[in-house]
A.B. asks: 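Below is the structure I would like to discuss, written out as structure tokens.
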Amino acid sequence: ADGVKALGIERVSGDELETICQELLQANPDVVAKVRDGNVKALGALVGQARKRNSNADPRIVQEICLRLIQSL
């Protein structure tokens, strides 16, 4: 794991990503609506914003968390 840390690609904690995703969903109700209508690709916009906030954010995990949050709304 030290090698990965040395590269600065430390994994972002799930809690932090969860918080980022919650904030992004609140700020982007249009994306939430699209995803609820079945357009999962709309999440791509949120992934880009999540990576702006934390460049180590794993796009796959961001999508998973956002999807889960939207489904639980």
Side-chain angles (χ1 to χ4, degrees):
D2 289 347
V4 172
K5 238 182 190 149
L7 290 173
I9 321 176
E10 204 173 334
R11 285 199 63 125
V12 184
S13 80
D15 287 348
E16 188 185 336
L17 281 181
E18 187 117 356
T19 303
I20 291 174
C21 287
Q22 283 173 335
E23 289 170 2
L24 291 176
L25 291 177
Q26 286 169 351
N28 297 277
D30 53 324
V31 174
V32 173
K34 284 179 189 164
V35 174
R36 292 186 110 158
D37 285 342
N39 181 1
V40 180
K41 286 198 176 92
L43 283 174
L46 299 186
V47 172
Q49 291 180 47
R51 287 185 62 89
K52 273 195 193 117
R53 292 184 184 208
N54 189 323
S55 56
N56 295 326
D58 181 324
R60 241 188 15 253
I61 296 172
V62 169
Q63 280 197 324
E64 281 170 25
I65 294 174
C66 285
L67 256 180
R68 183 166 44 82
L69 289 173
I70 290 171
Q71 286 164 348
S72 69
L73 286 175

A.B. asks: If I take atom CD from residue Gln63 and atom CG from residue Asp58, how far apart are they, to the nearest 0.5 angstrom?
C.D. replies: 9.5 Å

A.B. asks: For Ala57 and Ala50, which heavy atoms make the closest approach, and how far apart are they?
C.D. replies: CB-O, 4.2 Å

A.B. asks: Val31 versus Val35: any side-chain heavy-atom pair under 4.5 Å?
C.D. replies: yes

A.B. asks: What's the separation between atom SG in Cys66 and atom CD1 in Ile61, rounded to the nearest 0.5 Å?
C.D. replies: 12.0 Å

A.B. asks: Are any side-chain N or O atoms of Asn28 and backbone N or O atoms of Leu24, one a donor and one an acceptor, separated by less than 3.5 Å?
C.D. replies: yes

A.B. asks: With Glu16, which residues qualify under salt bridge (charged side-chain N to carboxylate O under 4.0 Å, His left out), at least two apart?
C.D. replies: none

A.B. asks: Kindly write out the residues that satisfy side-chain hydrogen bond (donor to acceptor under 3.5 Å, both in side chains) with Gln22, not counting sequence neighbours, or none if the list is empty.
C.D. replies: none

A.B. asks: Taking the side chain as every heavy atom from C-beta outward, state whether Leu46 and Leu25 have any pair of such atoms under 4.5 Å apart.
C.D. replies: yes

A.B. asks: Please determine whether side chain to side chain contact (heavy atoms under 4.5 Å, CB included) holds for the pair Leu67 and Gln71, giving the CA-CA distance in whole Å, both sets of side-chain angles, and the decisive distance to 0.1 Å.
C.D. replies: CA-CA 6 Å; Leu67 256 180; Gln71 286 164 348; 4.1 Å; yes

A.B. asks: If you measure from SG on Cys21 to CD on Gln26, what distance do you get to the nearest 0.5 Å?
C.D. replies: 11.5 Å

A.B. asks: Would you list the pairs meeting salt bridge (charged side-chain N to carboxylate O under 4.0 Å, His left out) in which at least one residue belongs to residues 60-73, sequence neighbours left out?
C.D. replies: Glu18-Arg68

A.B. asks: Any pair with a residue in residues 28-52 that passes salt bridge (charged side-chain N to carboxylate O under 4.0 Å, His left out), sequence neighbours left out, goes on the list, sorted by first then second residue, please.
C.D. replies: none

A.B. asks: Apply the test side chain to side chain contact (heavy atoms under 4.5 Å, CB included) to residues Ile70 and Leu43: give CA-CA distance (whole Å), side-chain angles for both, the deciding distance (0.1 Å), then the verdict.
C.D. replies: CA-CA 11 Å; Ile70 290 171; Leu43 283 174; 4.1 Å; yes

A.B. asks: Please report the interatomic distance CG(Leu17) to CG(Asn54), rounded to the nearest 0.5 Å.
C.D. replies: 7.0 Å

